[in-house]
Amino acid sequence: MKNTFNVLLLILLCLSCNTTKTEVKKINKRGLISNHGMVVSARVEASQIGVDILKKGGNAFDAMAATGLALAVAYPFAGNLGGGGFMVYRKANGDIGGIDYREKAPLTATKNMYLDENGEVIPNKSTLGSLAVGVPGSIAGIFEVHERFGNLPMKDILEPVIALASKGVVVTKNQANRFNNYQNQFRLVNKDSLLFYKVWKENDTIKYPALAKTLERILKNGKDEFYKGKTAKILVKFLQENGGIITEEDLANYTAKWRTPIAFNYDNLKIISMAPPSSGGICLAQIMKMIEPYDLSKYGANSLKSIQVITEAERRAYADRSYYLGDPDFVSIPTDELISNTYLKSRMSDFSFEKATSSADVSHGNIEVVESNETTHYSIVDQFGNAVSVTTTLNGAYGSKLYCSELGFFLNNEMDDFSSKPGVPNMFGLIGAEANSIAPEKRMLSSMTPTIVEKKGKLFMSVGTPGGSTIITSVLQTILNVHEYNMSMQEAVDAPRFHHQWLPDVIQMEPNSFDKNLIIQLQNKGYIINEKDSPVIGKVDGIMVLTDKTLEGGADHRGDDTAVGF
Ligand code: GLY
């Protein structure tokens with residue numbers, strides 16, 4: 001009898017344990033709540049300019065142009081005229097689409113342009129200075145979006161941005177540190193004396209008169225000013241004087257391209273993300289479909305089992321990324337096969353909770369990762385119900401570090417996102433294969449993952465992040481934090497993040513953010529943990545539509561990111 005009683009007690013205890021585990025988590029913290037429209041970006045000035053455009057009657061596409069251009073002024077670290085990006089949109093009527101304004105390789109680029117006579121990669125050649133620069137796409141993309149979907153004249157969009165450049169931008173503490181940290185590289189690359197050689201301190205104001213003049217000419221002459229006009233001529237002369245190979249023909253030939261996004265279902269969500277040449281959409285689809293059969297909400301956020309399942313799916317998806325993905329205008333990508341349920345089920349068939357899979361059993365390689373947190377993302381939802389998700393980049397911090405003082409902007413080092421030599425890692429530690437080798441006018445593979453999520457057929461989230469190779473996994477974790485673990489948008493963005501990218505075979509974790517016992521448990525199962533090299537993983541900016549139709553912003557506390565709404 002006593003035994004029976006004990007067994008019953010045990011069963012009751014176990015049941016109550018399970019109930020506690022699966023109990024729905026309470027929301028403790030919300031981000032900014034707004035009723036009509038919202039912009040979340042890396043700088044308050046850019047978010048404010050975007051919201052002012054919405055208040056003026058502009059839509060999300062007008063605000064996309066304004067916010068993107070304002071980031072080029074307020075956030076030269078990654079905001080840009082000299083780089084490129086991607087946007088995914090969902091209109092109020094449910095139409096979805098994407099635009100690719102990724103940089104392209106110049107016409108005279110060659111497959112082996114970064115190799116020496118022994119076939120070895122020449123250090124820094126694809127990352128520093130003018131040979132690292134791809135043909136910029138940002139102005140083409142912004143004008144294309146505005147022309148197709150904008151409501152307001154370009155004058156209304158550009159004037160506040162020009163005013164910001166003339167009036168100047170207040171330096172934040174983060175920004176002052178960054179300017180100072182990159183001094184040596186600026187001096188190594190540039191012949192001129194730069195605006196950034198001065199030691200800028202927090203609360204100083206930097207004015208950008210040269211950039212204001214460039215933007216004034218763009219306002220007067222449109223997109224052609226950048227690609228065929230005076231600006232094009234100044235830019236090409238500058239690049240060539242610095243040993244670059246971009247010509248006036250390269251600029252004149254550049255066009256942005258509309259792309260059909262990668263869209264897939266996960267539970268009752270529809271995820272809409274960027275198609276190649278970004279790897280974001282396919283990789284995200286692969287990972288989410290591989291983890292969908294597992295009961296993540298029961299395992300809990302950042303629990304042992306959740307981390308294991310997500311890591312193993314990431315390992316497998318990143319191995320495919322390296323092999324199959326590149327510019328779809330140059331290589332044939334088996335997208336349907338890569339994201340088919342049958343294939344992904346078979347991909348996870350050797351996963352076990354008992355022991356880590358070794359990346360050597362998925363493919364080969366032995367590399368060092370150099371973590372980085374460049375690029376920038378912004379999310380916008382307007383008062384009409386349109387949503388955009390935009391990620392734009394110079395690639396590295398301040399791109400190639402080459403700054404055209406006459407025009408007032410940095411040039412990208414996006415050529416490093418090609419695989420200079422298949423099998424050799426780029427600055428994010430990502431190994432590329434033939435599909436991503438260099439060819440004239442080809443676009444380099446990206447990890448940027450601007451994403452929009454629908455829930456039960458309605459707009460639910462706009463989300464994205466910088467972070468190089470960690471972009472895809474940061475977007476993934478933010479969506480899961482909301483959907484599986486019942487976090488608010490702000491909590492989802494703030495939660496600690498981890499990352500695995502197949503090679504190197506380590507889980508990167510934000511330092512001092514994960515429980516020590518959890519780390520030991522993972523190590524006991526064969527996972528190698530690296531908490532040193534990634535002080536920050538991603539800097540996510542997102543917007544969620546709440547059940548009462550208000551908008552919640554999630555602005556990442558890891559940066560100066562700010563949500564502004566009305
Ligand atoms: N340059 C970073 C990316 O495109 O993923």
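Note: hydrogens, waters and symmetry copies are ignored here, and every other heavy atom, side chains too, is used. Indexing begins at 1, ligand by ligand and atom by atom, following the structure's order.
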*Asks:* Checking contacts here: is it the side chain or the backbone of R102 that comes within 4.0 Å of ligand 1, counting heavy atoms only? Could be both or neither.
*Replies:*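 Near ligand 1, R102 shows its side chain, while the N, CA, C and O stay back.
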*Asks:* Looking only at distances, can you tell me whether any N or O atom of N395, backbone or side chain, sits closer than 3.5 Å to an N or O atom of ligand 1?
*Replies:*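 For ligand 1, there is an N or O atom that lies under 3.5 Å from one belonging to N395.
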*Asks:* Does ligand 1 have a heavy atom under 4.0 Å from the side chain of M444, from its backbone, from both, or from neither?
*Replies:*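 Under 4.0 Å from ligand 1, M444 contributes no heavy atoms.
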*Asks:* Can you list everything that forms a salt bridge (charged side-chain N to carboxylate O under 4.0 Å, His left out) with E144? Sequence neighbours excluded, please.
*Replies:*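 Partners of E144 under the salt bridge (charged side-chain N to carboxylate O under 4.0 Å, His left out) test: none.
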*Asks:* Which residues pass the salt bridge (charged side-chain N to carboxylate O under 4.0 Å, His left out) test with K270, sequence neighbours left out?
*Replies:*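 Salt bridge (charged side-chain N to carboxylate O under 4.0 Å, His left out) check on K270 returns nothing, list empty.
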*Asks:* Parallel, tilted or perpendicular: which one describes the rings of Y208 and F196, with boundaries at 30° and 60°?
*Replies:*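 Tilted.
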*Asks:* Give the numbers and elements of all ligand 1 atoms closer than 4.0 Å to a heavy atom of S447.
*Replies:*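 Result: 3 (C), 4 (O), 5 (O).
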*Asks:* Are Y527 and E312 close enough, and set up right, to give a side-chain hydrogen bond (donor to acceptor under 3.5 Å, both in side chains), and what steps lead you there?
*Replies:* CA-CA 10 Å; Y527 293 95; E312 294 299 344; 2.6 Å; yes
